[in-house]
Amino acid sequence: MRKIIILFGPPGIGKGTIGKSLSEKWGLPLISIGDLLRDNVKKNTSIGMKAETFMKRGELVPDDVVLDALVDRISQEDASKGFLLDGFPRNLNQAQMFEKTIDTNDSVVVLHLVAPDHVLIERLSMRRICKSCGAIYHLKNMPPKKEGICDICGGVLVQREDDKPDVISRRLEIFRSETEPLLEYYDGRHKILTISAADNRENIIERIEGLALWV
Ligand code: AP5
Ligand code: MG
């Protein structure tokens, strides 16, 4: 049986941040499609070249590109007991395709993170990521020890290209129109747990740990 957690929520809600903590606590890999794509863009791979324009505009990358990358990643050994999914699925086609990779022994939980838009916009505009290892910071809430430098690897901190105001609005729009309706698809199919994610990381983790995820 694999334990599969779908971290479900809008841009900036903290899927990457919460996902990293849960992954360490639960010993399951965090699979972030956004990180995977950004890595491909950085390395100029064929996936990266196909994805880059869409990502810059805040649009979804075509399903075939994303699905190939996902199927390859979840078939790796470290994902055999389960995994946390960050940023997947994002539309009905992806959800239906993903369902075909699950068998009846797998246990799937959708962790639905919610917060008001002004919180998301503030988090996205103040976010910085490490250019080398992808670690996530926030200029006010989770600043690095040394300004502009990653605590973990010493890399340079940069703003994500899609964290500019006009791209942020486009991403939020796409979340509402294409991704959020998936909650209806999952209703009755898998357990959905809704968690308020507007306060600090420690409180959110505590709330998630207090939930009966697998019963
Ligand atoms: P992706 O990288 O997944 O972006 P996203 O979904 O827009 O989500 P973000 O990474 O922006 O936010 P997050 O929820 O991870 O928040 P974070 O933890 O960083 O996707 C990027 C692009 O790739 C897409 O637009 C698309 O083009 C493509 N793509 C990806 N998946 C795809 C798919 N399946 N299909 C097609 N295309 C796909 O936190 C945000 C900030 O807030 C940080 O600064 C953090 O430090 C801070 N923060 C987090 N939690 C808290 C807290 N509790 N309190 C205070 N601050 C906090
Ligand atoms: Mg993320």
Side-chain angles (χ1 to χ4, degrees), residues 6-23 30-41 47-48 50-71 73-74 84-98 111-130 134-144 150-151 157-164 167-176 178-180 182 195-208:
I6 299 176
L7 295 163
F8 190 88
I13 191 87
K15 301 182 293 296
T17 305
I18 300 298
K20 182 172 182 292
S21 302
L22 295 177
S23 159
L30 173 65
I31 301 181
S32 160
I33 297 297
D35 284 350
L36 224 138
L37 292 171
R38 275 185 290 280
D39 197 45
N40 275 276
V41 170
I47 289 184
K50 284 181 205 155
E52 191 172 15
T53 343
F54 295 95
M55 296 179 78
K56 270 189 182 157
R57 290 200 298 249
E59 311 268 337
L60 295 186
V61 171
D63 291 346
D64 56 336
V65 178
V66 168
L67 280 160
D68 283 351
L70 180 93
V71 169
R73 181 62 189 88
I74 63 176
L84 292 132
L85 276 181
D86 162 6
F88 186 91
R90 294 210 194 217
N91 60 26
L92 185 60
N93 184 41
Q94 292 184 8
Q96 287 169 334
M97 296 299 290
F98 183 60
L111 275 188
H112 175 210
L113 304 168
V114 292
D117 275 6
H118 69 89
V119 172
L120 308 176
I121 293 165
E122 195 268 349
R123 285 183 184 171
L124 290 171
S125 29
M126 303 277 271
R127 172 167 58 193
R128 296 294 180 272
I129 61 162
C130 172
I136 307 166
Y137 297 87
H138 183 284
L139 293 179
K140 228 170 50 196
N141 305 335
M142 299 176 195
C150 177
D151 295 347
L157 302 189
V158 293
Q159 186 168 37
R160 259 171 55 176
E161 286 219 49
D162 57 352
D163 280 347
K164 311 277 157 63
V167 188
I168 290 178
S169 352
R170 184 73 189 122
R171 288 162 60 204
L172 286 170
E173 225 174 78
I174 291 184
F175 175 77
R176 302 288 174 224
E178 298 202 35
T179 309
E180 204 165 36
L182 287 182
I195 299 116
S196 163
D199 55 349
N200 70 53
R201 174 176 48 186
E202 291 66 32
N203 289 352
I204 301 166
I205 298 288
E206 207 178 295
R207 274 201 290 283
I208 295 173

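Remember, it's 1-based here, ligands and their atoms both numbered in the order they're listed. Being a predicted model, the structure only gives us computed values, none of them experimental. Residue numbers start at 1 and run along the sequence shown.
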Q | Atoms of ligand 1, numbered as shown, that sit under 4.0 Å from any heavy atom of Ile136 | A | 18 (O), 19 (O), 43 (C), 45 (C), 46 (O)

(Q) Is the contact between Ile174 and ligand 1 made by the side chain, the backbone, both, or neither, using heavy atoms and a 4.0 Å cut-off? (A) neither

Q. Just which atoms of ligand 1 are under 4.0 Å from any heavy atom in Phe88?
A. 34 (N)

Q | Nearest-contact summary for atom 53 (N) of ligand 1 - protein heavy atom, Å | A | Asp199 O, 2.8 Å

(Q) Closer than 4.0 Å to some heavy atom of Ile204 - which atoms of ligand 1 meet that? (A) 53 (N)

**Q.** Cationic N near anionic O, under 4.0 Å, Lys20 to Asp35
**A.** no

Q.
Going by the closest heavy atom to atom 1 (P) of ligand 1, which one wins out of Lys15, Glu161, Arg57, Arg90?
A. Arg90

(Q) Looking only at protein heavy atoms, which one is nearest to atom 22 (C) of ligand 1, and what is the separation? (A) Met55 CE, 3.9 Å

Q) So which bit of Met126 gets within less than 4.0 Å of ligand 1, heavy atoms only: side chain, backbone, both or neither? A) neither

Q: May I ask you to check if ligand 1 and Val66 share an N or O to N or O distance below 3.5 Å?
A: no

(Q) Quick check: Asn141 and ligand 1, any N/O pair under 3.5 Å apart? (A) yes

(Q) Would the distance check show the side chain of Arg201 and the main-chain N or O of Thr17 forming a donor-acceptor pair, the cut-off being under 3.5 Å? (A) no

Q) Would you say Arg123's side chain and Ile13's backbone share a donor-acceptor pair under 3.5 angstrom? A) yes

Q. Which atoms form the tightest heavy-atom contact between Pro89 and Ala95, and what is the distance?
A. CB-N, 3.5 Å

Q. Quick one: which ligand 1 atoms are inside 4.0 Å of a heavy atom on Gln94?
A. 33 (C), 34 (N), 35 (N), 36 (C)

Q: Using heavy-atom distances, let me know which of His138, Lys56, Arg160 sits nearest atom 47 (C) of ligand 1.
A: His138

Q. For the residue pair Phe54 and Leu60, what are the closest heavy atoms and their distance?
A. CD2-O, 3.5 Å

Q | Evaluation steps, side chain to side chain contact (heavy atoms under 4.5 Å, CB included), between Arg128 and Gln159 | A | CA-CA 5 Å; Arg128 296 294 180 272; Gln159 186 168 37; 3.7 Å; yes

Q | Closest heavy-atom pair and its distance - Arg207, Ser196 | A | NH2-O, 2.6 Å

Q.
Just to be sure I read this right, does ligand 1 sit under 4.0 Å from the backbone of Leu60, its side chain, both, or neither, counting only heavy atoms?
A. both

Q: Would you check if Val61 and Ile33 make a side-chain contact, meaning some heavy-atom pair closer than 4.5 Å?
A: no

Q) Which one of Ala51, Ala69, Gly14, Ser21 has a non-hydrogen atom at the shortest distance from atom 50 (N) of ligand 1? A) Gly14

Q. Can you list the atoms of ligand 1 that are under 4.0 Å from a heavy atom of Gly16?
A. 13 (P), 15 (O), 18 (O)

Q) What residue and atom, counting heavy atoms only, is the protein's closest point to atom 37 (N) of ligand 1, and at what distance? A) Val61 N, 3.0 Å

Q: Flag the pair Arg176 and Glu173 as a salt bridge only when some basic side-chain nitrogen lies within less than 4.0 angstrom of an acidic carboxylate oxygen.
A: no

Q) Considering only heavy atoms of Glu59, which atoms of ligand 1 have at least one such atom less than 4.0 Å away? A) 26 (C), 27 (O)

Q) Relative to ligand 1, is Leu37 under 4.0 angstrom through side chain, backbone, both or neither, heavy atoms considered? A) side chain

Q: For Ile204 and Asp199, work out which heavy atoms get closest and say how close.
A: CD1-O, 3.3 Å

Q. Can you check whether Arg127 has an N/O within less than 3.5 Å of an N/O in ligand 1?
A. yes

Q: Work out which heavy atom in Ile168 is nearest to a heavy atom in Ser125; give both atom names and the distance.
A: CD1-N, 4.2 Å

Q. At a non-hydrogen distance cut-off of under 4.0 Å, which region of Tyr137 contacts ligand 1 (side chain, backbone, both, or neither)?
A. backbone

Q) Under the side chain to side chain contact (heavy atoms under 4.5 Å, CB included) criterion, do Arg160 and Arg127 qualify, and how do the steps go? A) CA-CA 8 Å; Arg160 259 171 55 176; Arg127 172 167 58 193; 3.2 Å; yes

Q. How close does the nearest protein non-hydrogen atom get to atom 54 (N) of ligand 1, and which residue and atom is it?
A. Arg123 NH2, 3.4 Å

Q. Which of the numbered atoms in ligand 1 are below 4.0 angstrom from a heavy atom of Asn200?
A. 53 (N)

(Q) Evaluate Arg38 for polar contact with ligand 1, using N/O atom pairs at a separation under 3.5 Å. (A) yes

Q. Can you name the nearest heavy-atom pair linking Pro10 to Leu120, along with the distance?
A. CG-CD1, 3.5 Å

Q.
Using only atom types and a distance under 3.5 Å, with no angle test, would you say the side chain of Lys56 pairs donor to acceptor with the backbone of Glu161?
A. no

Q: Ignoring hydrogens, just give me the one of Arg201, Arg171, Met142 whose non-hydrogen atom is nearest atom 57 (C) of ligand 1.
A: Met142

Q. Can you list the ligand 1 atoms lying under 4.0 Å from a non-hydrogen atom of Leu124?
A. 11 (O)

(Q) Are any of the N/O atoms on Thr17, whether in the backbone or the side chain, positioned under 3.5 angstrom from an N/O atom of ligand 1? (A) yes

Q: Would you please test Arg90 and Glu178 for side chain to side chain contact (heavy atoms under 4.5 Å, CB included) and show each step?
A: CA-CA 7 Å; Arg90 294 210 194 217; Glu178 298 202 35; over 6 Å; no

**Q.** ligand 1 to Gly12 polar contact by distance, N or O atoms, under 3.5 Å
**A.** yes

